[in-house]
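Here, residue 1 is the first one in the sequence, and each next residue gets the next number.
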Amino acid sequence: MSELVARTGRHQQRYVDGHRLIAGCIPFRYLYPEKSDGEPSEKKVEVLMISSTSGPGLLFPKGGWENDETVKEAAVREAVEEAGVRGDLKHFLGEYYFKSKTLQDEFSPEGLCKAAMYALLVKEELDSWPEQSLRQRRWLTVSEAGECCRHSWMKEALEAGFRKWLSDGMVSTMEENNHIISGSSPKDEE
C-alpha cells in the first residue's frame with residue numbers, strides 16, 4: 001500500500017474566468033539502446049501515459065491546481081499521484097483549453113478548463129503510488145503516444161508542445177531546483 005495519498009475534492013481548487021485551472025505534465029525518459037556491436041546508439045525519447053479511469057484511451061497525468069501550491073508543484077504532484085513517477089520539470093509546453101463533461105461545478109458550470117502542461121524528466125518510478133489500483137502506466141514512443149491519446153487537447157500538447165521542444169533540442173527552460181515560489185499563473189512562475 002502506498003504511504004502517499006491522492007488529494008480529493010475541490011475545496012481548494014483554483015478558477016479564473018469560469019475555467020477550472022489544471023496542471024499536468026508529459027513524463028519522459030531517455031533510452032540508449034545498444035547497437036548490434038554492443039555500443040550505445042543515439043538516445044531515444046519515450047513518454048509515459050496512464051490509463052483513464054473513465055473509459056478507453058491513454059492520458060498524461062493532470063489534475064486540479066489548488067490554492068496552496070504553485071502550478072509547477074501541482075504538475076509534479078499529479079505525476080506522483082496518477083503515474084507514480086518523480087522527476088524534474090524541464091519545459092513549459094503551453095496552456096490548453098478544453099471542455100469537460102465530468103468537471104462541471106458551480107464555479108465552472110460549462111466544464112471549461114485551462115491546463116498548464118510541462119515536460120517532466122522522470123528520475124524515479126515508484127513501486128507504490130496513490131492511484132496504482134486505478135491506473136496502469138505505459139511507456140511509448142512519441143508517435144505511439146499520439147495514436148493512443150484519448151483527448152485532442154493532450155494530443156495538441158504532445159504535438160505542438162512536446163514534439164516541437166524535442167525537435168528544438170530539448171533545452172531546459174526551467175530552473176534546476178524545485179524551490180518554487182507560489183504565483184498566480186504559469187507564466188509568472190517560469
* Output all residues satisfying salt bridge (Lys or Arg N to Asp or Glu O under 4.0 Å) with D168, sequence neighbours left out; order by chain, then residue number. => K164
* Asked: Going by heavy atoms in the side chains, are R86 and E125 under 4.5 Å from each other?
  -> no
* Show your reasoning for whether side chain to side chain contact (heavy atoms under 4.5 Å, CB included) applies to V45 and M170. => CA-CA 11 Å; V45 173; M170 299 182 85; 4.0 Å; yes
* Could you tell me which non-hydrogen atom of W129 sits nearest to which non-hydrogen atom of V80, and how far apart they are? => CB-O, 3.6 Å
* **Within-4.5 Å side-chain heavy-atom neighbours: Y118 and V71** => yes
* Asked: Does S51 use its side chain to pair, donor to acceptor, with the backbone of Q136 at less than 3.5 Å?
  -> yes
* **A75 backbone acceptor or donor facing E78 side chain under 3.5 Å** => no
* To do: Output yes when a side-chain donor or acceptor of W65 lies under 3.5 Å from a complementary backbone atom of E69, and no otherwise.
  => yes
* Aromatic contact, H19 with Y97 (centres under 6.0 Å) -> yes
* Between E81 and R77, does at least one N-O distance fall below 4.0 Å, as a salt bridge requires? -> yes
* Could you pull out all residues at least two apart from R135 that satisfy salt bridge (Lys or Arg N to Asp or Glu O under 4.0 Å)? => E82, E131
* Asked: Do any N or O atoms from the side chain of W165 and from the backbone of V171 form a donor-acceptor pair under 3.5 angstrom?
  -> yes
* Closest contact, heavy atoms only, A145 versus V47 -> CB-CG2, 3.5 Å
* Determine, step by step, whether R138 and L48 satisfy the side chain to side chain contact (heavy atoms under 4.5 Å, CB included) criterion, reporting the C-alpha distance in whole Å, the side-chain angles of both residues, the deciding distance to 0.1 Å, and the verdict. => CA-CA 6 Å; R138 191 167 153 204; L48 181 66; 5.5 Å; no
* **Donor-acceptor contact present, side-chain R20 to main-chain Y15, <3.5 Å** => no
* **Between NZ on residue K90 and CG on residue L120, distance to nearest 0.5 Å** => 9.5 Å
* Measure across M117 and I26 and return the closest heavy-atom pair with its distance rounded to 0.1 Å. => CE-CG1, 4.1 Å
* Asked: Parallel, tilted or perpendicular: which fits the ring planes of Y30 and F28, with parallel below 30° and perpendicular above 60°?
  -> perpendicular
* Could you pull out the closest heavy-atom pair between C149 and M154, with the gap in Å? => SG-CB, 3.4 Å
* Asked: Among all residues two or more places apart in sequence or in another chain, which pass the salt bridge (Lys or Arg N to Asp or Glu O under 4.0 Å) test with E144?
  -> none
* Before giving the answer on salt bridge (charged side-chain N to carboxylate O under 4.0 Å, His left out), spell out for R29 and E46 the whole-Å C-alpha distance, their side-chain angles and the decisive distance to 0.1 Å. => CA-CA 6 Å; R29 69 180 178 188; E46 287 186 324; 2.6 Å; yes
* Structure fact -> To the nearest 0.5 Å, atom CG of L58 lies from atom NE2 of H151 at 10.5 Å
* State whether the side chain of R137 and the backbone N or O of A83 hold a donor-acceptor pair below 3.5 Å, judged by distance alone. => yes
* To do: Evaluate side chain to side chain contact (heavy atoms under 4.5 Å, CB included) for R150 paired with F60, printing each intermediate quantity in order.
  => CA-CA 9 Å; R150 178 177 177 163; F60 294 111; over 6 Å; no
* To do: Could you tell me which non-hydrogen atom of I22 sits nearest to which non-hydrogen atom of K62, and how far apart they are?
  => CG2-CD, 3.8 Å
* Would K114 and V16 satisfy side chain to side chain contact (heavy atoms under 4.5 Å, CB included), going step by step from the backbone distance to the final call? -> CA-CA 9 Å; K114 178 180 170 183; V16 171; 5.6 Å; no
* Counting distance only, does the side-chain N/O of Q13 pair as donor-acceptor with the main-chain N or O of L21 below 3.5 Å? -> yes
* Check whether any side-chain heavy atom of L89 sits under 4.5 Å from a side-chain heavy atom of V76, and report yes or no. => yes
* **Spacing of W153 atom CH2 and L158 atom CG [to the nearest 0.5 Å]** => 11.5 Å
* S143-T141 side chain donor-acceptor pair, cut-off 3.5 Å -> no
* Asked: Same cluster for L59 and L134 if Ile/Leu/Val/Met/Phe/Trp/Tyr side chains link at under 4.5 Å?
  -> no
* **Under 3.5 Å: donor-acceptor pair, side chain of E73, backbone of T70** => yes
* Structure fact -> Correct closest heavy-atom pair for P27 and W139 would be O-CZ3, 4.2 Å
